[in-house]
Amino acid sequence: MTTNGELNERVAIITGAGAQGKGIGNGRAAAALLGRAGARTVLVDLEADRLTDTEDLLRSSGSDFLSVAADVSTEAGCRSVVDAAIQRWGRVDVLVNNVGVVGPPESVVDIDLIEWENLFRVNVTSVMLMSKFSIPQMRAAGGGSIVNMSSLAGSLTHPRPAYATTKGAILSLTRSMASRHGPEGIRVNAIAPGPVYTPMVQAAGLSEEARAARSEMLPLRTEGTGWDVGEAVLFLASERSTWITGTVLTVDADLPRPSRPPEP
């Protein structure tokens with residue numbers, strides 16, 4: 001196995017480890033990098049065929065993995081994922097709550113209530129439920145690391161109120177969980193990606209002109225990739241970040257923030 005051994009014998013669950021198409025999404029990259037670091041990975045997605053390319057990446061590095069098709073917006077789906085990990089390897093050390101969708105674009109005036117509630121189940125409730133079943137296993141293992149995928153949309157102005165609200169909720173949930181479970185040796189952090197080009201973004205139809213325009217607004221003059229986000233996941237999952245919890249790691253090429261008025 002090609003590995004640096006940082007996560008040897010650790011068991012890591014990655015939700016949203018597949019992608020809507022070809023290419024490297026955040027979950028796919030995180031799974032590949034955790035596997036290369038020696039982790040035994042549980043690849044989770046709603047549809048099994050979305051995991052095929054991720055599985056190929058894990059096989060190419062000789063990583064040990066298990067694929068599970070499950071709906072993590074449901075209690076039964078989340079329980080089945082953790083049960084599969086325990087049955088195979090007997091422990092859970094790392095949880096990457098990566099699954100998420102963009103959801104409806106409408107304003108609060110026009111949005112459909114069912115779509116609003118469904119988005120929260122996928123983006124927020126899944127984080128709570130996966131943690132609900134993973135944390136007892138982390139306690140039994142003596143600790144662990146949970147990495148929640150938020151977005152800059154959770155803290156900056158964003159035109160999709162439903163999506164932005166779910167990503168903001170993940171930030172609050174992360175800080176609360178970090179405080180509650182820190183004494184148990186369980187670290188909880190969040191990642192907030194900026195303009196990253198992934199299969200989900202590609203499926204949304206972002207034009208080449210729009211990609212170029214958003215790259216030009218960044219100091220590094222380039223958009224990010226799933227690998228950039230995956231490296232941040234690896235950092236927070238590994239012992240390189242053992243004294244970091246309750247934080248939000250932005251991966252955004254220093255996206256300029258709105259200017260603030262001077263202090264009085």
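If you read the sequence from its start, that first residue is 1, and numbering goes on from there. Hydrogens, waters and symmetry mates play no part in the numbers below; they use all other heavy atoms, side chains included.
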Go through it in stages, so that I can follow the logic: the residues are His158 and Tyr163, the test is side-chain contact (heavy atoms from CB on, under 4.5 Å), and I'd like the CA-CA distance, side-chain angles, deciding distance and then a yes or no. CA-CA 9 Å; His158 193 275; Tyr163 178 75; 3.8 Å; yes
Got a list of side-chain donor-acceptor pairs under 3.5 Å for residues 131-138, not counting sequence neighbours?
from   : atom 1 : to     : atom 2 : distance (Å)
Ser131 : OG     : Val127 : O      : 2.7
Ser134 : OG     : Met130 : O      : 2.8

Kindly say whether Gly18 contributes a backbone atom to a donor-acceptor pair with the side chain of Asp45 at under 3.5 angstrom? yes
For Phe120, all residues meeting ring pair (Phe, Tyr, Trp, His ring centres under 6.0 Å), sequence neighbours excluded: Trp116
Under a single-linkage rule joining Ile, Leu, Val, Met, Phe, Trp and Tyr whose side-chain heavy atoms are separated by less than 4.5 Å, which residues share a cluster with Met128? Leu129
Check: Leu34 and Leu234 side chains under 4.5 Å, non-hydrogen atoms: yes
Would you mind reporting whether Asn189 and Ile146 have side-chain heavy atoms less than 4.5 Å apart? no
Pairing of Arg10 and Glu239 as salt bridge, 4.0 angstrom limit: yes
Salt-bridged, Glu117 to Arg121, with N to O below 4.0 Å? no
Please report, to 0.1 Å, the donor-acceptor pairs under 3.5 Å made by any side chain of residues 91-101, with sequence neighbours excluded.
from  : atom 1 : to     : atom 2 : distance (Å)
Arg91 : NE     : Asp93  : OD1    : 3.1
Arg91 : NE     : Asp93  : OD2    : 2.9
Arg91 : NH2    : Asp93  : OD1    : 2.7
Asp93 : OD2    : Val11  : N      : 2.8
Asn97 : ND2    : Asn148 : OD1    : 2.9
Asn98 : ND2    : Thr15  : O      : 3.3
Asn98 : ND2    : Gly16  : O      : 2.9

Between the main-chain N or O of Val188 and the side-chain N or O of Thr245, is there a donor-acceptor pair closer than 3.5 Å? yes
Taking the side chain as C-beta and beyond, is there a heavy-atom pair between Val229 and Met149 under 4.5 Å? yes
Quick one: list whatever passes side-chain hydrogen bond (donor to acceptor under 3.5 Å, both in side chains) with Asp49, sequence neighbours left out. none
Under the salt bridge (Lys or Arg N to Asp or Glu O under 4.0 Å) test, which residues partner Glu115, sequence neighbours left out? none
Could you tell me whether Asp64 and Arg59 make a salt bridge, using a distance below 4.0 angstrom between a side-chain N and a carboxylate O? no
Does a side-chain heavy-atom distance below 4.5 Å link Ser73 with Thr125? no
Side chains of Ile14 and Thr41, heavy atoms from C-beta outward: is any pair under 4.5 Å? yes
